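Data block below; observations after.
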Amino acid sequence: MFHFKLTAFFGLLLFSITTQVMSATDPASLFSRSSEFTQVQISPAGQYISAIQLFEGKRLLIILDSTTKKLLHVVNFPGKAQVGDYSWANNERLIVQKQYLKGWSIEPLYYGELYAVNADGSNDEYIFGYKDSSSIRGTAYLLDPLLNEKRYALIEVIPWSSGSGKRSYSSVVYRVDIYNGSLRKRAKSPIPYPVYLTDNNGQLRFVSGSKDHINSSLFYRQEGEWINTDKFKFNLQNMKPIAFSQNKDEVYVYGQKNGQTHGIYLLNIKTGQKQKISQDSTVDPNNVWINSNNKKLYAVEYEKGYPEYEFIDKNDTYAKHLKLLLTSLVGHQIHLISQTRDADKLLILAFNNRNPGDYYLFDTKKTKLSLLFSRNKWLDPNKMADVKPISFTARDGKTIHGYLTLPYGIDAKNLPLVVNPHGGPHGLRDYWRFVPQNQLLASQGMAVLQVNFRGSGGYGQAFEELGYQKWGTDIQYDIIDGTKDLITQGIVDKNRICIVGGSFGGYSALQSSIIEPDLFQCAIGMHGIYDLAMMFDEGSISDKYAGQAYLKAALGNDMNQLKAMSPTHHVSKLKAKLLLIHGEEDTRAPIEQFEALEAALKKQHYPYESLLLDDEGHGFYKDEHQAQAYRKMLSFLKTNLKL
């Protein structure tokens with residue numbers, strides 16, 4: 001009989017380095033505080049547990065004895081450097097990215113340096129970057145830790161092109177000695193933006209990529225050469241290799257055809273046969289689950305509303321573990337994030353719409369689950385707001401999906417509403433998740449609407465393309481129609497509605513308020529874009545050839561149309577109270593976007609409030625800056641929603 005035990009590791013963090021205890025108890029501070037622990041991993045032999053912890057604004061890597069929970073070592077780079085991503089390379093050694101916190105950029109910068117160190121802090125060495133002996137100039141990322149080889153790992157290096165300072169988007173793969181940094185070239189990608197798949201022996205087997213971000217190609221490796229699979233006419237777009245099958249000539253890929261949703265396909269590179277393995281008619285796969293020991297596919301995760309799992313190989317050991325955990329931690333989404341080589345111990349993250357996440361250690365032999373720690377222990381999931389999947393019919397008959405966050409303990413009737421359009425708009429979508437900003441607003445009695453409007457990612461290529469060149473029209477109509485649907489149901493008060501968004505969501509906050517000036521009592525644009533034509537000349541998207549191609553496809557090049565969809569040219573139609581929040585170091589939506597809207601508002605003598613942060617970029621990196629923005633936002637919303 002199965003006995004499921006739940007225990008807690010008390011006293012886990014009784015070591016000298018501790019996270020600062022927040023003295024402030026205001027909601028803005030609580031919901032802006034970064035997770036205490038992230039990137040939790042267990043070593044391949046199970047001797048150590050590691051995690052990223054924030055301390056005085058810097059990311060540290062802590063390493064604990066998995067049995068005693070005693071602190072063994074802390075990777076803490078001196079000065080303005082901090083830990084980036086990391087991974088175990090063998091039973092005792094880790095590979096760590098080194099990032100820098102620079103005065104001109106609030107977000108950390110990564111120059112490609114890789115540092116290796118033993119779990120006890122011994123034998124530390126820079127194995128790639130300008131501090132090592134290599135003459136290779138580029139940015140390195142760990143590709144495969146090669147756990148079957150104690151001394152080596154595979155890294156992917158994006159070279160810096162000589163003279164220009166710009167980076168190529170092709171890459172070179174090297175085998176690196178993780179103890180002394182010596183390199184041996186293994187292959188060069190045959191196509192830009194490569195996604196590699198290595199087998200269990202560390203051999204490069206497949207790579208996909210794209211020259212234009214629109215069309216993709218898949219290559220397989222044969223006798224040291226890359227062979228293009230185009231000759232098979234698989235007729236799949238956005239292909240990415242994800243896993244192997246029992247047949248060495250077969251590969252599972254993520255891809256789509258004819259504008260449909262993405263699916264999982266099994267391709268045979270000898271016969272050219274293609275078999276569809278999994279596909280949902282409404283949404284793309286949200287996650288694919290791969291057995292880390294044999295690199296075979298065992299499950300696909302979808303999210304039409306709530307998360308759902310389709311088990312491809314029900315007999316796979318990991319599939320059985322995942323099923324067991326789903327039935328044991330009811331109401332939670334489960335991610336297997338790290339495991340030992342023999343899978344006797346698994347690290348999992350359990351989370352849902354009310355819980356940012358709890359880390360557990362699962363002993364598969366004893367069927368024992370032990371709580372390690374919570375990501376945000378200062379927030380009580382039992383008091384958080386519920387997030388409900390919704391759908392409605394847009395004005396043209398299209399079914400649109402989204403989510404509604406409802407305040408805890410309050411009847412869903414005549415509520416004040418904040419509409420929160422997501423960024424992008426293309427490629428991104430909202431999910432059934434814990435969203436700190438939405439939970440903050442709900443804690444103050446506001447409902448929050450998220451709309452996966454046409455143009456959003458995750459619903460198939462055809463749905464995404466419905467938003468092309470419709471940024472200021474059809475996309476906004478979906479947002480507006482979703483808002484009106486809640487009014488019709490009596491869930492929200494039609495006289496207490498505001499719209500708040502960041503990036504493209506900031507654009508939507510202004511544009512929707514221009515289209516429906518009597519619907520929204522206030523609008524908040526955060527690091528938004530307000531002049532579409534300016535995107536072709538200002539900001540990081542326009543810097544790249546692929547970025548220009550994207551803008552032409554997504555926006556078109558009709559200047560009259562761009563002007564018609566730009567809030568800077570239509571502020572005279574506004575009635576909503578207005579708050580603008582922007583970072584002066586924003587490269588995605590540069591400060592010129594804010595200044596263009598500000599000039600238009602001043603010309604019309606239209607009142608507005610603003611908050612500018614001189615050392616922030618596209619979003620907020622520092623917790624205190626996020627809290628500052630939240631306080632300003634809450635005060636503004638409460639005034640205009642009469643709370």
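Only a predicted model underlies this, so the values are computations on that prediction, with no experimental measurement involved. Positions are given from 1, in the same order as the sequence printed here.
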Query raised in the report: Less than 6.0 Å separating the ring centroids of Tyr48 and Trp88?
Result: yes
So [Y] and [X], do their side chains get closer than 4.5 Å, heavy atoms only?
X	Y	answer
Tyr360	Leu325	no
Phe31	Leu379	yes
Lys296	Asp313	no
Tyr179	Glu125	no
Pro190	Val207	yes
Gln39	Arg59	yes
Val195	Ser208	yes
Val75	Tyr115	yes

Verify the distance criterion only: is there a donor paired with an acceptor across the side chains of [X] and [Y] at less than 3.5 Å?
X	Y	answer
Ser292	Tyr318	yes
Ser171	Tyr196	yes
Ser245	Asn247	no
Asn238	Tyr254	no
Asn376	Ser35	yes

Working to the nearest 0.5 angstrom, can you tell me the gap between [X] [atom1] and [Y] [atom2]?
X	Y	atom1	atom2	value
Tyr359	Leu371	OH	CG	12.0 Å
Leu361	Ile42	CG	CD1	5.0 Å
Tyr220	Phe206	OH	CZ	9.0 Å
Ile348	Gln339	CD1	CD	12.0 Å
Leu94	Leu61	CG	CG	6.0 Å
Gln333	Trp432	CD	CH2	7.0 Å

Query raised in the report: Would Glu92 and Gln47 satisfy side chain to side chain contact (heavy atoms under 4.5 Å, CB included), going step by step from the backbone distance to the final call?
Result: CA-CA 9 Å; Glu92 64 174 5; Gln47 296 171 273; over 6 Å; no
Using a strict 4.0 Å threshold on nitrogen-to-oxygen distance, state whether [X] and [Y] make a salt bridge.
X	Y	result
Arg631	Asp26	yes
Arg433	Glu303	yes
Asp144	Lys295	yes
Asp199	Arg205	yes

Return the set of residues passing ring-ring contact (aromatic ring centres under 6.0 Å, His included) with [X] (not counting sequence neighbours), or none when no residue passes.
X	value
His73	none
Trp226	none
Phe351	His335
Tyr152	none

Where is the tightest heavy-atom contact between [X] and [Y], given as atom of each residue plus distance?
X	Y	value
Val40	Leu347	CG1-CD1, 3.7 Å
Pro192	Lys211	CD-CG, 3.9 Å
Gly84	Ile52	O-CD1, 3.9 Å
Ser43	Asn91	CB-O, 4.1 Å
Leu147	Ala89	CD2-O, 3.4 Å
Trp378	Ser34	CH2-O, 3.3 Å

Donor-acceptor pair, [X] side chain versus [Y] backbone, under 3.5 Å?
X	Y	result
Ser32	Gln626	no
Asn118	Asp120	no
Arg93	Ile178	yes
Thr367	Thr364	no
Asn148	Asn200	yes
Thr229	Leu218	yes
Lys345	Ala343	no
Asn293	Arg341	yes

Report task. Applying side-chain contact (heavy atoms from CB on, under 4.5 Å), name anything that partners Ala140, two or more places apart in sequence or on another chain. Result ->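 side-chain contact (heavy atoms from CB on, under 4.5 Å) check on Ala140 returns Leu114, Phe128, Ile155, Val157.
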Query raised in the report: Can you name the residues that form a side-chain contact (heavy atoms from CB on, under 4.5 Å) with Lys323, not counting sequence neighbours?
Result: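 side-chain contact (heavy atoms from CB on, under 4.5 Å) list for Lys323, sorted by chain: Phe311, Lys314.
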Report task. Measure up the His582 and His527 rings against each other and bin them: parallel (under 30°), tilted (30 to 60°), perpendicular (over 60°). Result ->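 Judged by the thresholds at 30° and 60°, the geometry between His582 and His527 is perpendicular.
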Query raised in the report: Which word best sums up how the rings of His321 and Phe362 line up, parallel for under 30°, tilted for 30 to 60°, or perpendicular for over 60°?
Result: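 His321 and Phe362: perpendicular rings.
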Report task. Report yes or no: is the cationic atom of Arg221 (NZ for Lys, CZ for Arg) closer than 6.0 Å to the six-membered ring centre of Phe219, at no more than 45° off its axis? Result -> no
Requested in this report: Just do the side chain to side chain contact (heavy atoms under 4.5 Å, CB included) check on Glu36 and Phe373 with the steps written out, would you?
Outcome: CA-CA 9 Å; Glu36 194 167 10; Phe373 31 70; over 6 Å; no
Query - Worked check of side-chain hydrogen bond (donor to acceptor under 3.5 Å, both in side chains) between Ser374 and Asp358 - result: CA-CA 4 Å; Ser374 299; Asp358 297 316; 2.6 Å; yes
Report task. Return yes when atom CD of Gln222 has more than 12 non-hydrogen atoms of other residues, nucleotides or ligands closer than 6.0 Å, and no otherwise. Result -> yes
**Report entry** Derivation of the side chain to side chain contact (heavy atoms under 4.5 Å, CB included) call for Lys70 and Leu64
**Finding:** CA-CA 5 Å; Lys70 178 183 177 181; Leu64 310 172; over 6 Å; no
Report task. Let me see the working for Val83 and Phe77 under side chain to side chain contact (heavy atoms under 4.5 Å, CB included), right down to the final yes or no. Result -> CA-CA 7 Å; Val83 172; Phe77 293 120; 4.0 Å; yes
